[in-house]
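To find a chain, count down the sequence lines: A is the first, B the second, and so on, and within it residues start at 1.
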Number of protein chains: 2
Amino acid sequence: MKYIEKLRNSGLRPTKQRLQICEVLFNNKETFHFTINNLAKKIKKSLNAKISLATVYNTVHAFEKKGYLKKISINTDQTFFDTNTTDHHHFYDLNEEKLIDIKNSDVGPIKILKKIEGKKIKSVEVLVKLED
Amino acid sequence: MKYIEKLRNSGLRPTKQRLQICEVLFNNKETFHFTINNLAKKIKKSLNAKISLATVYNTVHAFEKKGYLKKISINTDQTFFDTNTTDHHHFYDLNEEKLIDIKNSDVGPIKILKKIEGKKIKSVEVLVKLED
DNA sequence: AATCTTATTTATAACGATTCTAAAGAACTG
DNA sequence: CAGTTCTTTAGAATCGTTATAAATAAGATT
Ligand SMILES: [Mn+2]
Ligand SMILES: [Mn+2]
Ligand SMILES: [Zn+2]
Ligand SMILES: [Zn+2]
């Protein structure tokens with residue numbers, strides 16, 4: 001399996017559940033955005049496996065910590081994750097409640113002229129809210 | 001009182017509780033960011049009034065709907081509100097878990113080159129995460 | 001001012017996403 | 001295999017938020 005080594009290299013044991021979640025998350029042509037509930041349902045369908053919700057949370061958080069997933073800053077009740085871990089920005093469609101990627105190159109260079117003493121910039125994220 | 005008319009003009013009855021919350025929120029030189037819990041505590045101290053948590057939620061949401069407060073998109077467990085309702089951006093200090101305003105003029109013009117058919121841009125928000 | 005009507009407040013219950021717990025099971029090590 | 005550590009799991013707990021429904025207050029009508 002192609003994910004076994006990836007997991008081992010991260011110090012994560014390649015369990016059946018983790019490998020299955022890897023398939024759902026990473027075995028796609030396109031990256032995508034998801035919520036935990038969202039993902040749990042997808043797992044149920046894609047595979048006919050029953051992975052406990054706790055394990056889905058554990059795994060997503062583990063993958064996030066290892067940098068295989070990115071948390072997205074949106075103000076909704078549910079947390080969104082992104083399998084696209086490159087630097088990029090987002091549209092948030094307020095009507096459909098969906099995220100859409102914006103490539104860095106589709107946003108002009110962002111200059112932050114204000115500096116905060118003793119602090120470094122870790123990331124710069126643009127969120128563009130859309131309505132009909 | 002200076003908030004009575006503001007509330008009436010919005011179709012909100014100027015109740016004792018709303019006027020007190022107005023004092024705490026808007027009777028300041030500087031705008032600020034807050035969470036609901038945060039605000040509830042502030043009310044308890046500032047005034048020696050006991051406003052029920054439900055009323056604080058109701059009022060903040062009413063004020064948000066009227067445009068007197070802005071919800072901020074951050075990925076934390078609690079929702080942040082902003083008494084600064086002008087268009088602006090934010091630093092989020094990951095260590096102190098605090099928001100800091102960035103004036104629009106402190107960010108270069110942001111060009112979104114990608115368009116989504118049938119959708120209008122409602123807002124463009126930049127979130128700059130800071131670390132030590 | 002008394003009455004009617006509608007909006008608001010409030011305590012409390014309900015909800016739902018997330019986290020915790022602790023026991024059972026699986027993966028690694030020698 | 002035996003020992004150790006990690007992982008999974010169901011269910012409970014947590015906690016921010018929302019819903020409920022009865023009491024109260026505000027505005028309108030007489
Ligand atoms: Mn929560
Ligand atoms: Mn919630
Ligand atoms: Zn994305
Ligand atoms: Zn602000």
I need the [atom1]-[atom2] distance between [X] and [N], as an integer number of Å.
X	N	atom1	atom2	answer
B/Arg18	C/dT9	CZ	C1'	9 Å
B/Leu53	D/dA19	CG	C1'	14 Å
B/Tyr57	C/dT12	OH	P	17 Å
A/Lys50	D/dT9	NZ	C1'	13 Å
A/Gln17	D/dA10	CD	P	10 Å
A/His61	C/dT19	NE2	C1'	9 Å
A/Leu19	D/dT8	CG	C1'	14 Å
A/Gln78	D/dT17	CD	P	15 Å

Linked, directly or transitively: A/Ile72 and B/Leu94 (ILVMFWY side chains, under 4.5 Å): no
Within one Ile-Leu-Val-Met-Phe-Trp-Tyr cluster: B/Ile121 and A/Tyr92, side-chain cutoff 4.5 Å: no
Within 6.0 Å of NZ in B/Lys114, more than 12 heavy atoms from elsewhere: yes
Please report the shortest heavy-atom distance between [X] and [Y], naming the atom on each side.
X	Y	answer
A/Ser105	B/Leu113	O-CD1, 3.7 Å
A/Asn95	A/Asp93	N-OD1, 2.9 Å
B/Val56	B/Ile21	CA-CD1, 4.3 Å

Charged N-O contact under 4.0 Å between B/Asp132 and A/Lys119: yes
Lys/Arg N to Asp/Glu carboxylate O, A/Glu125 vs A/Lys70, below 4.0 Å: no
Residues touching DNA chain D, which here means a heavy atom under 4.0 Å, drawn from residues 36-44 of chain B: B/Asn37
Donor on one side chain, acceptor on other, A/Asn27 and A/Glu23, under 3.5 Å: yes
Going by heavy atoms in the side chains, are [X] and [Y] under 4.5 Å from each other?
X	Y	value
A/Asn28	A/Thr83	no
A/Cys22	A/Tyr68	no
B/Val124	B/Asp87	no

Partners meeting ring pair (Phe, Tyr, Trp, His ring centres under 6.0 Å) with B/Phe81 (sequence neighbours left out): B/Phe34
Sequence-distant partners of B/His90, ring pair (Phe, Tyr, Trp, His ring centres under 6.0 Å), two or more places apart: B/His33, B/His88
Between the protein and nucleotides 22-24 of chain C, list the N/O to N/O atom pairs that are separated by less than 3.5 angstrom.
none

Phosphate-side-chain proximity, B/Thr79 and D/dG16, N/O vs OP1/OP2 below 4.0 Å: no
Axial bend angle, the helix from C/dA1-D/dT30 to C/dG30-D/dC1: five-pair end segments, nearest 10°: 30°
Between protein and nucleotides 26-30 of chain D, what N or O pairs are separated by less than 3.5 Å?
| from | atom 1 | to | atom 2 | distance (Å) |
| --- | --- | --- | --- | --- |
| D/dA26 | N3 | B/Arg13 | NH1 | 3.3 |
| D/dG27 | OP1 | B/Arg8 | NE | 3.3 |
| D/dG27 | OP1 | B/Arg8 | NH2 | 3.2 |

Shortest side-chain distance from A/Ala54, nucleotide among C/dT10, C/dT18, D/dG11: D/dG11
